Amino acid sequence: MQVADKSVVTFHYTLKDINGNEMESSRGGDPLAYLHGGDNIVPGLEKALTGKTVGDTLTVTVPPAEGYGERRDDLQMRVSTKHLVWEGKLEAGAQAYLRTEHGPRMVTVIKPGKFMVDIDANHPLAGTTLVFDVEITEVREALPEELDHGHVHGPGGHHH
Ligand code: ZN
């Protein structure tokens, strides 16, 4: 079957930047499974996978606007440490979670301080053109329960 809305798609991927530097890969581990049409992966990749089928391999170049968005200067800000949750040492380059009214949001520490911390709430891959090497390993219909939840259950998906 072909990838369409309400398909569960399982795939291996390697993510590189535009210069060919590898940033992430599922190869050597479990493939990723997602519910197509549910905003579970970046829009540019989801669009490219539509209509594909098991065994297809493709290289997809996704511009920032269809990936993790452009970098926004206004997402760099100074916040109180009491709004942050982190593990280990709070240092430049470390990841932390900012408590927001929409739930925790991952941020990057720019400059730590005792009471106030400069952070960057841009997604680490914002502003980056993404190059995905993809191999589709399975396509199936989503279960009613998965459609209810808006995500995939079982291998490569959510467990609960
Ligand atoms: Zn669920």
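Indexing begins at 1, ligand by ligand and atom by atom, following the structure's order. The model shown is predicted, which means the values in this text are computed figures rather than measured ones.
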Close side-chain approach of Met23 to Leu125, heavy-atom, < 4.5 Å: yes
message: Using a 3.5 Å distance criterion without hydrogens, assess whether the side chain of Thr128 forms a donor-acceptor pair with backbone atoms of Leu130.
response: no
- prompt: Is His160 close enough to the Zn ion (ligand 1) to have an N, O or S atom under 2.8 Å?
  reply: yes
statement: Checking Val107, Ile110, Thr108 against Gln76 for side-chain contact (heavy atoms from CB on, under 4.5 Å), the one that qualifies is Ile110
- prompt: Just checking, any donor-acceptor pair under 3.5 angstrom between side chains of His151 and Glu146?
  reply: no
Geometry at the Zn ion (ligand 1) - His151 NE2 versus His153 NE2 angle, rounded to 10 degrees: 110°
query: In His149, what N, O or S atom is nearest to the Zn ion (ligand 1), if we give its atom name?
result: ND1
